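What follows is one structure encoded as C-alpha cells, with my remarks underneath.
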Amino acid sequence: MSTSERYNAPTIEAKWRAAWDEADLFRTHNDDPRPKYYVLEMFPYPSGRIHMGHVRNYTMGDVVARYRRAKGYNVLHPMGWDAFGMPAENAAMQNNIHPREWTYANIASMKKQLKSMGLSLDWSREFATCDVDYYHQQQRLFLAFLKEGLVARKTSKVNWDPVDQTVLANEQVIDGRGWRSGAQVEQRELSQWFFKITDYADDLLDAIDGLDRWPDKVRLMQRNWIGRSEGLRMRFEMKSTGPDGSNEIEVFTTRPDTIFGASFVAVAAGHPLAQAVAAARPDVAAFIEETQRMGTSAVAIESAEKKGIDTGLRVAHPFLEGEVMPVYVANFILMEYGTGAIFGCPAHDQRDLDFALKYDLPVITVVRPNDADDTFDVGVEAYTGDGVLINSHFLNGMTIPDAKDAIASRLEARMLGNQPQGERKVNYRLRDWGISRQRYWGCPIPVIHCEACGIVPVPEDQLPVTLPDDVTFDVPGNPLDRHPTFTKVTCPTCDGPARRETDTMDTFVDSSWYFARFTAPDATDMPIVPDVMESWLPVDQYIGGVEHAILHLLYSRFFMRAVAKAGYGDRPEPFAGLFTQGMVTHETYKDAAGNWVFPEEVVLDNGAAVHAKTGEPITVGAVESMSKSKKNVVDPDEIISSYGADTARWFMLSDTPPERDIEWTDGGVDSAHRFVQRVWRLIGDAIGRMEDPGTGDGLALRKATHASIRAIESDIEGLGFNRAVARLYEWANVLQKALADPATPGAAIRESVDAMIRCFAPMMPHLAEECWTAIGNEGFAAAASWPKVDESLLVEDAVTLPVQVNGKKRAEITVPKDAAKEDIERAVLALEDVQRFLDGPPRRIIVVPHRIVNVVA
RNA sequence: GCGGGCGUGAUGGAAUGGUAGACAUACCGGACUUAAAAUCCGGAGGCGCAAGCCGUGCGGGUUCGAGUCCCGCCGCCCGUACCA
C-alpha cells in the first residue's frame, strides 16, 4: 500500500486483526520457558455493550501486555466474564427473558466489541462465571473451605420488602423504601453462610506492608477497613436488673482513659437489652422500629441525625461512688461492631457530643491539649487529639496512653460477678464475609438441610448443583425457593427427605479466584492446578477501577489464603502490582423540558448548544462520570467504526494521567485521529529519505531517538501512559524537523522510524503493523522486540544549570558535567545577571549537582 | 457520619523538594488554496513599553528553595460490607 494515501484505519485494522488471529499470535503456553508476566484487567460484567471505561481499562492492560511481550516475557493476558448478578434477574423481570439467555447474548455482543479494539488477549482461556464448569469448581472450593472450618453459619440482617416479600440489596432501598413497591423496608434476621475472613484479619493487615506495588491510598483504605484497634472490653454494673435478666452491660472502648468524662451508656437497636426493654415500653419499641426502617446500610445509619431514647435503666460509674449514668438506645451504635454498646464521653467524641447536646447530658472535659492549661473546655467541638488528663482523679496529669493503661489495669484487677470487670481486647472493624444471597442467578451453595442430620455437604460426586432452567420471574422472591424439584432432595447421609439450600453465592466469590482459574481454565478435576497456578501468580500487573479498592481486592486476598489452606497452591497474595484507573467522564446535556440528552443529539449552532433534530436549546451541564441514566455516554462502537481502534486507544492514553478521571471530548478524539494520520504521513515521508547518504552525522536525531526510547520504556513501566504519549509527540516533532534537513543521513532516519514503530506498537498496534510492513520489515510488529538503547548516546558532557538568587531564577550557566563545586560557584558569581542582584558577597551558595544553583544574598 | 483521594494557563495536563506550564487542545498570525478543509511555519500564563512584579483551590507553617512536605479550611469524586 502506498503511504501517500490517507490511512484508512477501519479497513486496515480489520486486516491486521485477522492476520493476528490467523497467526494465533496471542495464545499463551504454560510450558513456555521464558520469564512469565501476568497482566490482568478486572473482568467486565456483561451488561450488553462495552463502555468507555472498558476501553480505557483494557487499553492500558493491552499496552502493558504488548510492551512486556516485546521485552521478551511469556505474557498471560486473559479475558472472561463476571456473569452472575442482579441485572440479569432484573432483565428477566422486565423483558421476560431468561437470565442465562440474556447473559450469554450480552457476552457474545461484548466479545465482538472487545475484539474490535485489537486487544492482545488469549481468548482460548475465556470463561464466564456463570458457566457450569466454572461454578462447579467454585462449589468444590466452597466444600473445601467448609471442611477446613473456614465457613460459618450465622444470622445477619437483611433489608426486607414486606410487600414484595423479598430481600433487597442496599442499592434497592431508596430513602428507607423498596425501589419497586415503595414499601417501608424492614430488617429481618436470616440464617446465612459466611466465610471466616476475620480469621485472617491480622495476616491480611500485616501483609499489606509487602504490597509495595499497590497504590498507598488502597493500602491505607484496606488497613482502615480491617480497622484493628486495641481497647478495653469493660462491664458496667446496672443499678437494677434489666428486663432480660441482665445485671451488667458490656461495652468496647478504645478510650478507657476518658472514663471520668463518661455521661451515658448507649446500646444498639438490635442489642438484646434494647429488645427486652422494648417489650414493655411502646415508645422504645417505636424508636427501635424507626431505627430499623433505615435499612442495613452503614451510610443510612451513620449519616442519619443522632437520636436515642432513655431506657430508664441506670448503670454505676466504675470509679465514682454513687454516680449513675443513663442507658440509651441510640441509632448510631452498630450491633456488628464491638459489643453493640458504648459508653459515651461527649467531650472527646463528636458523635457523643452531638448526642449529649441534644439530650442535655453533661459534657466533662477530661483531656486537654499539651499546650493548654487545666481550665481547657471543649465547647461544641470534641477534642480528639493528643494531650494530658484533667478532671480525672487518679489519672490527672497522665498522658493518654498511660491513662488507658491505668484504667485497664484497675478493671482487670477488679471483679464484677465472677470475672474481671475489664479485659484488654483487640477489636476489628472487619466482619465475616456474608456470602448468602436469596437470588437465582448465582452459584448455588452446595449443601443440604436434613432434619435428622442437620447441614450436610453435597457429596463431590453429586456436583455440580446446577441452576434449574425452568424458573419464572413473574413474582418477586427467589425462584429457587418455589421450584418444585430443585429443593427436594434425599439426604446423602440418612437417605431421608431433605431440603436443598436455595441461597446462592455473592458474586464477589466468583471474582475472588477467576485470576487463578485463568492459569488452567480447562482443568475438570480440580478448580485450581496448584503448580500451574503457582507458576503464574501473583498477577504482575492488575488494573481496574478504584471502586474495588476494598471489597473485591480484600476478598481475593482472603480467598487465596483459604485456597492455600485447602491445598490448592500457596500464593496468598494474588496481585503483586495494582493500578487503579480513573473514570471516563463527559459533559451532560438537558433539553428545555429537563430531560437528559445524548451527546450525539447535540450540535453547536454559533457556539450555542441545540438539539440536532428539533433545534431547541440545550443546557450544557457539569462534566460527570459517563452513565446511562444521564445519557452522557459515547458508544465505543461508533468511535471505532468511524476513526478506528487505534484512535480510541490513543485518546484513552493521551493527556490525562491514568489514575485520574478522563473527560471524553470530540476535540480529543479528533486530535488523536490526526496524530494517527500524521504518523502515517511522517513514516511515508521518511521512507523516501531512508536511502539518502546525507552530509551530516545525524547525531542530534540519534540522541533524540535513544532518549525517547529510554523515556517511553520508563513511562510505560511506571504506567505513565500520558507521559509516553507526550514523548512520542516530541519525537515525531524532532523526526519531522530532521526530515526537513537534507543533511540528515538515511541511516539515522531508518533507525529512528524503526524504533518509533516498536515504541508506539503497544499503544497503536494496527498502525504499527501497517508501518512495519511499509518500511520493509518482516513478520509482525506485535512480535518484534523492544528497541535497544545505545547508552553512549545518552551521555552529555555539559549541563545547563538554572541559577537562582534567593530562590528566583535569574540566569543560566553551562558547565562541564563533572565541574567542581568551587568552579561552578566562581563562574556563577561572575555572571552579570547574578551580580546585579547582589550587593556585597553572598551569604551562601547552594550547588545541587546537575540540578540547580541558588545564591543566597 | 466515617475512611480515602483529587484541585496547576481558556482546556487536558508536565514538573526524583530544585528553571512552574513540557506535550496536546482551543485560539491568534502567516504559507499553500479560487475558497474551505487538511497540511506546514510561527505566537501565546496574567499585568507591564520595559526592568520587573504576580501566579499551582483558600489561609498559615517548615526550607537556601514548596505545585510537591506539615497544619487548618473550601469544593468535587470514590468506598461504606446485598450494585458490579
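FYI, side chains are in, hydrogens and waters are out, and symmetry mates aren't considered; it's all heavy atoms of this structure. Treat the numbers as computed from the prediction; the structure is a model and nothing was measured.
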| Is any N or O donor-acceptor pair between the side chain of A:D655 and the base of B:rG12 shorter than 3.5 Å? | yes
| In a check of salt bridge (Lys or Arg N to Asp or Glu O under 4.0 Å) between A:R437 and each of A:D503, A:D510, A:D506, which one passes? | A:D506
| How would you label the contact of A:N733 with the nucleic acid (heavy atoms, under 4.0 Å): base, sugar-phosphate, or nothing? | sugar-phosphate
| query | Is it the case that A:R351 places NZ or CZ above or below the six-membered ring of A:F332, under 6.0 angstrom from the centre and within 45 degrees of the axis? | reply | no
| said: Need one value for A:P44: base, sugar-phosphate or nothing, where a base atom within 4.0 Å counts as base even if backbone is also close, heavy atoms only. | reply: nothing
| query | Atom CG of A:L653 to atom C1' of B:rG12: distance rounded to whole Å? | reply | 14 Å
| query | How many Å lie between CD1 on A:I852 and C1' on B:rG18, as a whole number? | reply | 4 Å
| message | Does A:N170 reach a base, just sugar-phosphate, or nothing at all? Heavy atoms under 4.0 Å. | response | sugar-phosphate
| said: How many whole angstroms separate atom CZ of A:R219 from atom P of B:rC78? | reply: 25 Å
| Atom-to-atom span, CD of A:E659 to P of B:rC77 - whole angstrom | 19 Å
| Whole Å only: how far is the CZ atom of A:F194 from the P atom of B:rC82? | 9 Å
| query | When the ring centroid of A:Y134 is compared with that of A:W513, is the distance short of 6.0 Å? | reply | yes
| task | Answer yes or no: does a side-chain N or O of A:R660 lie under 4.0 Å from OP1 or OP2 of B:rA14? | result | yes
| message | Base of B:rU16, side chain of A:R851 - is there a donor-acceptor contact under 3.5 Å? | response | yes
| query | Using a cut-off of less than 4.0 Å, is there contact between a side-chain N or O of A:R437 and OP1 or OP2 of B:rC82? | reply | yes
| query | Distance from A:Q172 atom CD to A:W179 atom CH2, nearest 0.5 Å? | reply | 4.5 Å
| remark: When rounded to whole Å, the NZ to P distance for the pair A:K307 and B:rG1 reads 16 Å
| message | What's A:R727 touching, base or sugar-phosphate or nothing? Going by heavy atoms closer than 4.0 Å. | response | nothing
| field | Any A:R429 side-chain N or O less than 4.0 Å from OP1/OP2 of B:rC2 | value | no
| message | Nearest whole Å is fine: how far is B:rC2 P from A:F355 CZ? | response | 17 Å
